[in-house]
Amino acid sequence: MRTDLHRLGLRQMASRPERSKALLVANRPKAQLVVTKPDRLGRSLEHLIELSKTLQDRGVDLVVLDQGIDTSTAVGRMFFQILGHRHWVAC
């Protein structure tokens, strides 16, 4: 499993095995990765943005239940674009 995570560019996430399993399964276009809270996926905003881009490249939608975020919708994609833009401006 560790090799697969490295290949996918997600080596910093290899220390959380359940999340790692979910990310490896969510690799088909039109699939959805559903989590209750964003902190279940990333330890920092940077990790969350990186993960969102990786999922988007795979054609996988991200749904965060407690935030009402769904990247299969235009509003959900816009949320992550704004989040990413604000993060890079602040850096």
Side-chain angles (χ1 to χ4, degrees):
M1 183 181 309
R2 189 165 191 250
T3 303
D4 291 338
L5 288 171
H6 283 262
R7 183 177 53 80
L8 295 171
L10 298 171
R11 64 187 162 276
Q12 76 276 5
M13 296 185 184
S15 64
R16 296 174 81 177
E18 293 303 316
R19 178 180 52 191
S20 299
K21 289 177 192 175
L23 294 175
L24 289 173
V25 170
N27 61 5
R28 294 182 311 265
K30 304 291 183 190
Q32 285 188 329
L33 179 60
V34 180
V35 295
T36 54
K37 300 189 301 187
D39 66 346
R40 302 288 81 205
L41 284 178
R43 295 182 179 175
S44 69
L45 179 58
E46 184 177 357
H47 286 159
L48 193 56
I49 292 168
E50 181 181 339
L51 175 62
S52 174
K53 288 178 184 178
T54 300
L55 292 173
Q56 184 178 9
D57 291 345
R58 293 187 207 170
V60 175
D61 295 316
L62 175 62
V63 178
V64 183
L65 298 176
D66 80 334
Q67 300 290 319
I69 299 168
D70 181 350
T71 61
S72 69
T73 68
V75 173
R77 287 186 300 273
M78 182 183 70
F79 174 81
F80 269 99
Q81 287 177 350
I82 291 169
L83 195 62
H85 177 72
R86 291 186 70 192
H87 173 71
W88 295 118
V89 168
C91 288

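Just so it is clear, the values below take in all heavy atoms, side chains as well, and ignore hydrogens, waters and symmetry mates. Computed from a prediction, not measured in an experiment: that's the story for all the values here.
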Note to self: Starting from V75 and following side-chain heavy-atom contacts under 4.5 Å between hydrophobic residues (I, L, V, M, F, W, Y), which residues can be reached?
What the structure shows: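 For V75, no cluster forms, as it stays isolated from other hydrophobic side chains.
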Say you draw a straight line from [atom1] of [X] to [atom2] of [Y]; how long is it, rounded to the nearest 0.5 Å?
X: L41; Y: T36; atom1: CG; atom2: OG1; answer: 9.0 Å
X: F79; Y: T73; atom1: CZ; atom2: OG1; answer: 11.5 Å
X: L55; Y: E50; atom1: CG; atom2: CD; answer: 10.5 Å
X: R77; Y: I69; atom1: CZ; atom2: CD1; answer: 13.5 Å

Specify the closest pair of heavy atoms between A22 and L33, including all atoms of both residues, with the distance to one decimal.
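Heavy atoms only, the tightest pair is CB-CD1, 3.9 Å.
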Q32: side-chain contact (heavy atoms from CB on, under 4.5 Å) partners, not counting sequence neighbours: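 If we apply the side-chain contact (heavy atoms from CB on, under 4.5 Å) test to Q32, skipping adjacent residues, the hits are V34, D61, V63, D70, S72.
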Those residues at least two apart in sequence (or on a different chain) that pass side-chain contact (heavy atoms from CB on, under 4.5 Å) with K37 are D39, R40, D66
* To do: For the residue pair L51 and H47, establish whether any side-chain heavy-atom pair is separated by less than 4.5 Å.
  => no
